[in-house]
Amino acid sequence: MQSAAFSLPSPSSHPYLKPRNFASNPTFYPIRGVSKGRDFSDSTNAISIPSFPKRSWSLSSSSPLPLRAWTSAPSLSKPSPLHLRATAAENAGEAGKSGSLLKTLELGLLFGLWYIFNIYFNIYNKQVLKAFHYPITVTAIQFAVGTILVTIMWTFNLYKRPKINGAQLAAILPLAVVHTLGNLFTNMSLGKVAVSFTHTIKAMEPFFSVVLSAMFLGELPTLWVVASLVPIVGGVALASVTEASFNWAGFWTAMASNLTNQSRNVLSKKVMVNKEESMDNITLFSIITIMSLILLAPVAIFTEGVKFTPAYLQSAGLNVKEVVVRSLLAALCFHAYQQVSYMILQRVSPVTHSVGNCVKRVVVIVSSVLFFKTPVSPINSLGTGIALAGVFLYSRVKRIKPKTKAA
């Protein structure tokens, strides 16, 4: 590319470069531009200014003064709104994908912890109850460990400490009562029958939920919901008839656990209705845990005495360290799995949580059968499978709303 230069002709070579008297002869000259192939001088819209010395500029490749290559000034025009929206949408899409992936991984981790804590709770709890036949004391210990964890959580601001008034405590008290009874009856059942059988009976929870909701809340079930209860009831009946560890005490305490746990759900809807008194699930669970300890500890001391001591455990021929460690591990897993369950419930819909709970029950039954080597007949397995399939079906059809007739 040839270098461009410019030269100024001498004033004598051009008549317009001679000095003029501007005061005596004001003259106006049009601005003339020279461009290849175009002449702007004859334009009718030419701009005129007072006559300054008119100069002619010429470009010459032989001039000693170099001329830098022409660089256009940066454009000051704003990008189009369409371009801005497209860029913003692209950035938002990338951020959304990243955020969605993180949320999915977080939710998967919580479900995994929920199942793992539940498995270990049932294993350690069963081992303790087989050796230490005081279910009220064991349940009180679990509430005591939970209370310690809640206190630590509030003390170090791991979770916001709630401000509770007397009216709220009065509303929560019935929930704490049925929560206490539900966990107590579960431990009584686990001390009497196999873990797999207790959880097979607890698959009847949807049946009690439908009955109690219809009785106290006026929520009549749809035909699909009623149909899903048939395999649940039939499967539990088939499993109960063929259960090797069956006894009536274990059966009825598991049924009582279903009744009290579902009563808690109904009461929570019926009692905690005021938005001013509403609180998140984790805070509610924490308060109920403390109240359950206060309710159950005196009952445990009055009915079973102070039995969880090294002296008594040694006199009973038990390994003190083993019983204490497994009791503490069971209590930690008990509080952890319920805490994680409420954390999941805050992130997903109740239907998704119900499906996850159904899968959890399958995982607990299978793991307990493998760990304790529980004898299971084919018919017993079939009954358990039918009941769990009914629970899964119930969780799916529960979201089908009845069609309202137009007025």
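We count residues from 1, following the sequence as given.
- When the shell of 6.0 Å around CD1 of Ile379 is examined, it contains 12 or fewer heavy atoms from other residues, nucleotides or ligands.
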Which side-chain N or O atoms in residues 134-145 pair as donor and acceptor under 3.5 Å with protein atoms at least two apart or in another chain?
unit_1	atom_1	unit_2	atom_2	d
Tyr134	OH	Tyr312	OH	2.6
Thr137	OG1	Glu304	OE1	2.6
Thr139	OG1	Pro135	O	2.7
Thr139	OG1	Asn187	ND2	2.7
Gln142	OE1	Asn187	ND2	3.3
Gln142	NE2	Asn125	OD1	2.9

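- Interatomic distance, Ile172 CD1 to Thr283 OG1, rounded to the nearest 0.5 Å: 9.5 Å.
- When atom types are taken as modelled, the side chain of Asn380 and the backbone of Val376 share no donor-acceptor pair closer than 3.5 angstrom.
- Crowding of Trp154 atom CH2: a count of heavy atoms from other residues, nucleotides or ligands under 6.0 Å exceeding 12.
- When the options Val266, Val211, Leu267 are evaluated for a side chain to side chain contact (heavy atoms under 4.5 Å, CB included) with Phe216, the one that passes is Val266.
- You'll find the side chain of Asn118 stays beyond 4.5 Å of the side chain of Cys333, heavy atoms only.
- Residues Trp248 and Phe246 place their aromatic rings such that the two centres sit under 6.0 Å apart.
- Closest of all the heavy-atom pairs between Leu238 and Thr242 is O-OG1, 3.0 Å.
- Thr374 places no side-chain N or O within 3.5 Å of a backbone atom of Leu370 that could act as its donor or acceptor partner.
- Crowding of Phe308 atom CZ: a count of heavy atoms from other residues, nucleotides or ligands under 6.0 Å exceeding 12.
- Contact between Ser292 and Ala176 at its shortest, heavy atoms only, is OG-O, 3.6 Å.
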Taking it one step at a time, do Ser286 and Met153 satisfy side-chain contact (heavy atoms from CB on, under 4.5 Å)? CA-CA 10 Å; Ser286 300; Met153 183 173 64; 3.6 Å; yes
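- Remark: side-chain polar atoms of Asn258 are paired, donor with acceptor, to backbone N or O of Ile201 under 3.5 angstrom.
- A pairwise comparison of heavy atoms in Leu259 and Leu212 identifies O-CD1, 3.9 Å as the closest pair.
- At a threshold of 4.5 Å between non-hydrogen side-chain atoms, the residues Leu332 and Leu149 count as touching.
- Checked by atom type and distance alone, the side chain of Ser209 never pairs as donor or acceptor with a backbone atom of Glu205 at under 3.5 Å.
- In this structure, Arg361 contributes its side chain and Asn357 its backbone to no donor-acceptor pair below 3.5 Å.
- Aromatic ring centroids of Phe285 and His335 lie under 6.0 Å apart.
- Here the side chains of His353 and Trp114 are in contact, with some heavy-atom distance below 4.5 Å.
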Begin with the C-alpha distance, continue with both residues' side-chain angles, and end with the deciding distance and a verdict on side-chain contact (heavy atoms from CB on, under 4.5 Å) for Phe208 and Met204. CA-CA 7 Å; Phe208 288 92; Met204 285 276 291; 4.2 Å; yes
Stepwise side-chain contact (heavy atoms from CB on, under 4.5 Å) check, Tyr342 with Leu284: CA-CA 10 Å; Tyr342 284 116; Leu284 181 61; over 6 Å; no
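- Contact of the Lys307 side chain with the Phe132 side chain is registered, since non-hydrogen atoms from C-beta on lie closer than 4.5 Å.
- With values rounded to the nearest 0.5 angstrom, Leu113 atom CG is found 8.5 Å from Met343 atom CE.
- By the 4.5 Å heavy-atom criterion applied to side chains, Asn261 and Asn265 are not counted as neighbours.
- Considering CG of Leu190 and OG1 of Thr198, their distance stands at 4.5 Å, rounded to 0.5 Å.
- Using a distance-only test at 3.5 Å, with no hydrogens or angles considered, no donor-acceptor pair links the side chain of Ser341 to the main chain of Tyr337.
- To the nearest 0.5 angstrom, Phe251 atom CZ is 11.0 Å from Asn247 atom CG.
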Side-chain donor-acceptor contacts of residues 388-397 below 3.5 Å, not counting sequence neighbours, with atom names and distances?
unit_1	atom_1	unit_2	atom_2	d
Ser395	OG	Phe392	O	2.6

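- Note that the CZ atom of Phe372 and the CD1 atom of Ile123 stand 5.5 Å from one another [nearest 0.5 Å].
- At least one side-chain heavy atom of Gln338 sits under 4.5 Å from a side-chain heavy atom of His179.
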Going through the distances and angles, do Lys192 and Met188 end up as a side-chain contact (heavy atoms from CB on, under 4.5 Å)? CA-CA 7 Å; Lys192 297 293 184 180; Met188 286 180 173; 5.7 Å; no
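- Closest non-hydrogen pair, Ile232 versus Ser228, comes out as CG1-O, 3.5 Å.
- Val369 approaches Ser196 most closely through the heavy-atom pair CG2-CB, 3.7 Å.
- A heavy-atom distance below 4.5 Å is not found between the side chains of Asn122 and Ser368.
- Going from atom CG of Leu345 over to atom CZ of Arg347 covers 11.0 Å, rounded to the nearest 0.5 Å.
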Show me the side-chain donor-acceptor pairs of residues 322-329 shorter than 3.5 Å, one per line, residues at least two apart or across chains.
unit_1	atom_1	unit_2	atom_2	d
Arg326	NH1	Gln127	OE1	3.4
Ser327	OG	Val323	O	2.7

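- Here the side chain of Ser189 pairs a donor or acceptor atom with the backbone of Gly250 at under 3.5 angstrom.
- Judged by distance alone, the side chain of Thr352 and the main-chain N or O of Val348 form no donor-acceptor pair under 3.5 Å.
- Contact check for Ser257 versus Thr253: no side-chain heavy atoms found under the 4.5 Å cut-off.
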